[in-house]
Amino acid sequence: EVQLVESGGGVVQPGGSLRLSCAASGFSFDSYEMNWVRQAPGKGLEWISYITSSTALIYYADSVKGRFTISRDNAKNSLFLQMNGLRAEDTGVYYCVREHSYSYGENWFDAWGQGTLVTVSS
Amino acid sequence: QSVLTQPPSASGTPGQRVTISCSGRSSNIGRHTVNWYQRVPGTAPRLLIYKNNQRPSGVPDRFSGSRSGTSASLAISGLQSEDEGDYYCAAWDDSLHWVFGGGTKLTVL
């Protein structure tokens, strides 16, 4: 069974940092592209970042570029999101998401974790 | 402001057919396939439709999707109470981002 389990969320002051982790199991983690998607309270889903299986390609949403860093450790079946310079608008549930690769522009998200809550507040 | 545009709400009575629209641009829906996700309160989002009109195993055939030009739609026939939740469309954008719609809250009356 495919499992994605996020951890590392919590309450942090504006300007602070957090590191989210996602433990993957039940599939060949090193064969999949991965993403982080978040949902602010009362808002919709927002894609945050993408990383290829080999880490050769990494993309970020404009809202987090320069502040967040995505990374992975294929040997430990883990995905990470280092979040620096946190702002109140970064508050939300952060999901670790597996991407099914079919071809350029024809992929989809086929597995989601349960999410971890990040609250940025003084 | 989401890149893809969805109506904020939709509703129907049990057994009815409901459609949810999703409007984008040539850089996303116009060139790439559309996926739909369902989020029932208290649970993680789940894949409902991929590649415009494909259903993953386990998704009832009451759910169907289509795409035309820079728009897409999700149709739910034989509406059931368990269909209540939020529905999101998504597509890859040539700006090297995934983009989502703002979500449509479906209420079964």
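Computed from a predicted model, the values in this text were never measured in an experiment. Quick note on labels: first sequence line is chain A, next is B, and so on, each numbered from 1. The figures here come from the full heavy-atom set of this structure, side chains too, leaving out hydrogens, waters and symmetry mates.
- Between the side chain of B:Asn52 and the backbone N or O of B:Val34, at least one donor-acceptor pair lies under 3.5 Å.
- In this structure, chain B has a heavy atom under 4.5 Å from the side chain of A:Asn35, while its backbone stays farther away.
- For B:Pro45, the parts lying near chain A are the backbone and the side chain together; criterion is any non-hydrogen pair under 4.5 Å.
- Ion pairing of B:Arg25 with B:Asp93 is absent here, as no side-chain N (NZ or NE/NH1/NH2) approaches a carboxylate O to less than 4.0 Å.
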Could you walk me through whether A:Tyr104 and B:His32 satisfy the ring-ring contact (aromatic ring centres under 6.0 Å, His included) test, starting with their C-alpha distance in whole Å, then the side-chain angles of each, then the deciding distance to 0.1 Å, before giving a yes or no?
CA-CA 8 Å; A:Tyr104 178 75; B:His32 308 303; 5.3 Å; yes
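- With chain A as the partner, the residue from B:Asn28, B:Asp94, B:Thr43 showing the most heavy-atom pairs under 4.5 Å is B:Asp94.
- Side-chain contact check for B:Trp98 and A:Glu99: at least one donor-acceptor pair (N or O, by modelled atom type) lies under 3.5 Å.
- Top candidate by heavy-atom pairs under 4.5 Å with chain B, chosen from A:Val97, A:Asp62, A:Val93, A:Asp110, is A:Asp62.
- The part of A:Tyr102 that comes within reach of chain B is its side chain, from C-beta onward, which places non-hydrogen atoms under 4.5 angstrom from that chain.
- A:Ser31 and A:Ser53 share no donor-acceptor pair across their side chains, judged by distance under 3.5 Å alone.
- Proximity to chain B (any heavy atom under 4.5 Å) is restricted, for A:Tyr95, to the side chain, taken from C-beta onward.
- A side-chain donor-acceptor contact under 3.5 Å links B:Gln16 to the backbone of B:Thr13.
- Residue with the most contacts toward chain B among A:Ser103, A:Gly115, A:Gly44, A:Ala111: A:Gly44 (heavy-atom pairs, distance under 4.5 Å).
- Considering only heavy-atom pairs separated by less than 4.5 Å from chain B, the leading option among A:Lys43, A:Glu46, A:Gln39 is A:Gln39.
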